[in-house]
Amino acid sequence: MQKYCNIVKNKLNTLIINMEKNISDFVVDPKRDFIRKSELSFSKTMRFILSMGSQTLSSELMEFYGLDQKAVSVSAVVQRRAKILPAAFLHLFHKLNESFSHC
């Protein structure tokens, strides 16, 4: 049997991927934001922000990327975060809660 924490994590990732399919509802400028292929896609940016703890942004990046050379700059994260509407996080919160409302 799959652990409950893995079920929640998988559901969260599925919801984020579905949001990316309808990205125009969740970004500031749908014609420009997250249209190019980048290391920091919409879904990766969302997952990174949700996984952050209380460390500095650069420390969080090093932890998230595991000291990978493909790691992005702090400035890139800040710029990408600014492209995501606050409503995106609210939408994700409500959809995740709806998914488990039967429990």
Side-chain angles (χ1 to χ4, degrees):
M1 180 175 190
Q2 193 176 18
K3 290 186 177 181
Y4 189 72
C5 60
N6 289 333
I7 293 169
V8 173
K9 184 177 178 180
N10 290 337
K11 184 61 180 177
L12 181 64
N13 285 330
T14 300
L15 289 169
I16 292 171
I17 289 167
N18 288 338
M19 288 173 67
E20 191 165 34
K21 291 177 184 173
N22 300 310
I23 198 165
S24 62
D25 296 337
F26 306 109
V27 295
V28 175
D29 186 354
K31 294 184 184 204
R32 294 180 55 200
D33 297 340
F34 295 100
I35 58 168
R36 292 185 4 213
K37 193 158 181 91
S38 168
E39 177 60 31
L40 271 178
S41 65
F42 175 82
S43 58
K44 196 167 220 178
T45 303
M46 291 287 289
R47 285 195 309 271
F48 172 72
I49 292 168
L50 293 172
S51 71
M52 288 179 60
S54 60
Q55 299 178 35
T56 64
L57 188 52
S58 59
S59 296
E60 294 288 348
L61 277 170
M62 287 179 24
E63 186 176 318
F64 187 76
Y65 282 97
L67 301 175
D68 187 7
Q69 298 209 356
K70 290 174 68 176
V72 298
S73 68
V74 170
S75 176
V77 173
V78 171
Q79 290 172 28
R80 288 293 180 139
R81 169 57 187 97
K83 294 177 180 187
I84 300 173
L85 293 171
F89 294 96
L90 190 59
H91 173 83
L92 183 60
F93 174 76
H94 288 299
K95 288 294 183 184
L96 188 62
N97 282 334
E98 287 173 16
S99 299
F100 296 98
S101 64
H102 63 278
C103 298

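Remember, predicted model here, so these are calculated numbers, not experimental data.
- Hydrophobic clustering (side-chain heavy atoms under 4.5 Å, transitive across Ile, Leu, Val, Met, Phe, Trp, Tyr) groups Tyr4 together with Leu50.
- Put simply, CZ on Phe89 and CE on Met19 are 7.5 Å apart, with the number rounded to the nearest 0.5 Å.
- Put simply, CG on Asn97 and CG on Leu92 are 9.5 Å apart, with the number rounded to the nearest 0.5 Å.
- The environment of Phe93 atom CZ is sparse: at most 12 non-hydrogen atoms of other residues, nucleotides or ligands sit within 6.0 angstrom.
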After noting the C-alpha distance and the side-chain angles of Phe42 and Lys83, does the key distance pass the side-chain contact (heavy atoms from CB on, under 4.5 Å) rule?
-> CA-CA 9 Å; Phe42 175 82; Lys83 294 177 180 187; over 6 Å; no
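- The side-chain heavy atoms of Asn18 and Thr14, taken from C-beta on, include a pair separated by under 4.5 Å.
- Looking at Arg81, its side chain does come within 3.5 Å of a backbone N or O of Ile84 through a donor-acceptor pair.
- The distance from the CD1 atom of Ile16 to the NZ atom of Lys44 is 13.0 Å, given to the nearest 0.5 Å.
- Between the CG atom of Leu61 and the OG atom of Ser73 there is a distance of 8.0 Å, given to the nearest 0.5 Å.
- Between Gly53 and Glu60, the closest heavy-atom pair is N-OE2, 2.9 Å.
- Contact annotation: the side chain of Val28 approaches that of Leu85 to within less than 4.5 Å [non-hydrogen atoms, C-beta and beyond].
- By the 30° and 60° cut-offs, the orientation of the rings of His91 relative to Phe26 is tilted.
- Connection of Phe64 to Val78 is established within a shared hydrophobic cluster, with ILVMFWY side chains joined at heavy-atom distances below 4.5 Å, either directly or through further cluster members.
- With values rounded to the nearest 0.5 angstrom, Ile17 atom CD1 is found 10.0 Å from Leu12 atom CG.
- In this structure, Ile49 is a member of the same hydrophobic cluster as Val8, with clusters built from ILVMFWY side-chain heavy atoms closer than 4.5 Å.
- Residue Lys95 places its NZ atom among 12 or fewer non-hydrogen atoms of other residues, nucleotides or ligands, all under 6.0 Å distant.
- Atom CZ of Arg80 is separated from atom OG of Ser41 by 8.0 Å, given to the nearest 0.5 angstrom.
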Begin with the C-alpha distance, continue with both residues' side-chain angles, and end with the deciding distance and a verdict on side chain to side chain donor-acceptor pair (under 3.5 Å) for Ser75 and Gln79.
-> CA-CA 6 Å; Ser75 176; Gln79 290 172 28; 2.9 Å; yes
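- In this structure, Ile35 is not a member of the same hydrophobic cluster as Leu40, with clusters built from ILVMFWY side-chain heavy atoms closer than 4.5 Å.
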